[in-house]
Protein chains: 2
Amino acid sequence: MTVTIYDVAREAGVSMATVSRVVNNNPNVKPQTRKKVFEAIERLGYRPNAVARGLASKKTTTVGVVIPDISNSIFAEVARGIEDIANMYHYNIILCNADKKKEKEIRVINTLLEKQVDGLLFMGGVVTADHIQAFRTSSVPVVLCGTKDEEQTMPSVDIDHEKAAFDAVNVLIAAGHRDIAMISGTLQDPANGFARYQGYKKALDAAGIELRDEYVRIGNYRYESSVDAVKYFLELSPRPTAIFSATDEMAIGAIHTIQDSGLKVPQDIAVISVDNIRMASMVRPTLTTVAQPMYDIGAVSMRLLTKLMNKESTDNMQVILPHEVIYRNSVTQA
Amino acid sequence: MTVTIYDVAREAGVSMATVSRVVNNNPNVKPQTRKKVFEAIERLGYRPNAVARGLASKKTTTVGVVIPDISNSIFAEVARGIEDIANMYHYNIILCNADKKKEKEIRVINTLLEKQVDGLLFMGGVVTADHIQAFRTSSVPVVLCGTKDEEQTMPSVDIDHEKAAFDAVNVLIAAGHRDIAMISGTLQDPANGFARYQGYKKALDAAGIELRDEYVRIGNYRYESSVDAVKYFLELSPRPTAIFSATDEMAIGAIHTIQDSGLKVPQDIAVISVDNIRMASMVRPTLTTVAQPMYDIGAVSMRLLTKLMNKESTDNMQVILPHEVIYRNSVTQA
DNA sequence: CTGTTAGCGCTTTCAC
DNA sequence: GTGAAAGCGCTAACAG
């Protein structure tokens, strides 16, 4: 039924070992023999069985990628970076969505490990002790991308979220704003949540602006969640003249809510955030934001993982990539 | 080093077969024995090797999903539907991005087949003879989702794109429009391209409106591509009073281009499209569009695939799911 | 209810 | 350059 390496060997009049060598590009095969084998493969329509190969060689040339939320375009962009480098090094990637659920993340990590992936990339989200525990039960290398663990003991690739937020708020301050509200993510989230909030606080602090509790609302990163936050801000007095959103998606929700209330962005209220998703240049006004290099985060973390899988020495296990303010039209420049 | 089923057997004082039964939830094990085995597993930290299991059982409980473009939110939503049903039937899914490149699609299909997936889901895009050929070289079932092949010989789940487009254009006609332009996808694409164009043509025809060549521009489904199309339309005389876009993303580009030119949507030019991506309710004005049930397309195709993998009989191999007009604010209702 | 025994399809020494 | 043979870790008859 299915044609195996043995069938090919017989058809070509050689041993399985030789066929294996040909398939794996081992140079120790006479060109003529190689040709015979290729012909037999062609004739029989042989397709190597990666499962059998994986069992025999104890390598699958596959890396597992756990993605917290497949419908989030940020992760999609990171995934592209991962893919490109993976292809370059001849690894296949298997992407597993975890729905932003911790329990599912752990389950997915275990599934991937059972499938004997050669390495693991864990994207975004919170990295708990349970995650670390799951990683430890395996012997394959793991790289965190777009996040890091509390103790910073694991290899990771990320931006400096606090500094990014700091820079964003400073754009607002430089434009003359003093009444600056923030739509934050949950403070439980060390990267997109807590760190960005810290950056906001420090920027205000550095400018001698007092932090006002009612100027901070917690959202869930979704468009809808910023609608409520902004409605709340709109009732305040003094009403904020600028809003710093932890993410672009919430910023876009903010812009629309402001506009729906009859106010103008940036004239009445300026808006800035961090991420630079594709949509940021698709709204009106276009969104001023701090870009994180999503593709590079993916690419660099995959590259780091290849080194780890090859047991190459690596100097820097905790990579921080640079970010950059993208000036568009949701903040009036000074 | 790695602990195997054999180690567990020894530790628990039973045979490998018994351990295998316990791990696979085979009822033919005395509760007490089962307990002993579980304890041994726990003590040793045993994790079953899915690769070995796959080789021995010739089943991987894994289905491969090829996704044309991971950064396209439509596919992401379809993927959610696939995932949910896959989990329900205890299949893992491995997602492979193909960058909308035919060559890469074929390569990915072959990789997946080498990995011995139990079934294949092929999402969106054009299905050529080469694709069919690749599918045929394998013995596992394949379901197309969100697309279909020319000859409709393969199992598939999709909407009636032509009818969806027809309905969209009719909304415009019902609102009194006669000068209706279209931003189409490539006519090579049977689903999102050709079929939607056909629907446009037929709707005009049914209303006795003559088709004008200059009222049709071809885009590439991206936001940017509709900018040029709309600029072209704006110069025309008579200027169209409504635009039908083959996809939401291009429709959003259209709306912004119209607004940037100083005109208003829907007062000066109405816009409608097909898809209903999340962003459709996030733009201003919110986008009137024909919704395709993305989650369901994924869910139904995965369900169909499970039936095929179990060799259950299935009456309907070419499923067409219903679509629905979502009235929002980019078309003034009559 | 449990153990024995063949493989699954391939890689990988080790000889020749 | 090539072949023989021993597994990789597990499942699946088949016995008992």
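The chains referred to below are lettered A, B, ... by the order of the sequence lines, with proteins before strands, and numbering in each begins at 1. Both backbone and side-chain heavy atoms feed into the values below; hydrogens, waters and symmetry mates do not.
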**OP:** Indicate yes or no: at least one non-hydrogen side-chain atom of A:Arg303 is less than 4.5 angstrom from one of A:Val157.
**Re:** no

Subject >> Residue-level proximity of residues 33-53 of chain A to DNA chain C when a heavy atom falls under 4.0 Å >> reply: A:Tyr46, A:Pro48, A:Asn49, A:Ala52, A:Arg53

Original post:
Partners of A:Arg107 by salt bridge (charged side-chain N to carboxylate O under 4.0 Å, His left out), sequence neighbours excluded?
Top reply: A:Glu103

**OP:** Anything under 4.0 Å to a heavy atom of chain B counts; send over the first and last such nucleotide of DNA chain C, read 5' to 3'.
**Re:** C:dC1 to C:dG9

**OP:** Kindly state each residue pair satisfying salt bridge (Lys or Arg N to Asp or Glu O under 4.0 Å) with at least one member in residues 74-91 of chain A, sequence neighbours excluded.
**Re:** A:Arg80-B:Asp69, A:Arg80-B:Asp99, A:Glu83-B:Lys104

**OP:** For DNA chain D, find the residues of residues 4-11 of chain B with a heavy-atom distance under 4.0 Å and give them by number; none if there aren't any.
**Re:** B:Thr4, B:Ile5

Original post:
Under 4.0 Å between a side-chain N/O of A:Thr18 and OP1 or OP2 of D:dG1, yes or no?
Top reply: no

**OP:** Return each pair, listed once, that meets salt bridge (Lys or Arg N to Asp or Glu O under 4.0 Å) where at least one residue sits in residues 51-62 of chain A; pairs must be two or more places apart or across chains.
**Re:** none

Original post:
Has the side chain of A:Asp118 got a donor or acceptor atom that lies under 3.5 Å from a matching backbone atom of A:Thr61?
Top reply: yes

Subject >> Angle of first-five versus last-five pair axes in the helix from C:dC1-D:dG16 to C:dC16-D:dG1, to 10 degrees >> reply: 30°

Original post:
With distance as the sole test, does B:Asn24 use its side chain to make a donor-acceptor pair with the main-chain N or O of B:Asn26 at under 3.5 Å?
Top reply: no

Subject >> Rounded distance (Å) that lies between atom C1' of D:dA6 and atom CG of A:Leu55 >> reply: 13 Å

Subject >> Donor-acceptor contact below 3.5 Å, side chain A:Thr147 vs main chain A:Gly125 >> reply: yes

Original post:
Where do B:Leu121 and B:Met302 come nearest, in terms of heavy atoms and distance?
Top reply: CD2-SD, 3.8 Å

Original post:
Which salt bridge (Lys or Arg N to Asp or Glu O under 4.0 Å) pairs, counting each pair once, include a residue from residues 142-157 of chain B, with sequence neighbours left out?
Top reply: B:Lys148-B:Asp158

For nucleotides 12-16 of chain D, give me every protein contact, N/O to N/O, under 3.5 Å, one pair per line with atom names.
none

Original post:
Under the salt bridge (charged side-chain N to carboxylate O under 4.0 Å, His left out) test, which residues partner A:Arg47, sequence neighbours left out?
Top reply: none

Original post:
With no hydrogens and no angle check, do the side chains of B:Tyr221 and B:Asn72 hold a donor and an acceptor under 3.5 Å apart?
Top reply: no

**OP:** Give every residue pair that meets the ring-ring contact (aromatic ring centres under 6.0 Å, His included) criterion with at least one member in residues 89-124 of chain B, sequence neighbours excluded.
**Re:** B:Phe122-B:His131, B:Phe122-B:Phe135

Original post:
Within the distance-only criterion (no hydrogens, no angle test), does the side chain of A:Thr60 pair as donor or acceptor with the backbone N or O of A:Gln116 below 3.5 angstrom?
Top reply: yes

Original post:
Is A:Val19 touching bases, backbone alone, or none of the nucleic acid, heavy atoms closer than 4.0 Å?
Top reply: nothing

Original post:
So, do A:Asp7 and A:Arg10 sit near enough that their side-chain heavy atoms are less than 4.5 Å apart?
Top reply: yes

Subject >> Pairs flagged by salt bridge (Lys or Arg N to Asp or Glu O under 4.0 Å) wherever residues 27-38 of chain B is involved - sequence neighbours left out >> reply: B:Lys35-B:Glu39

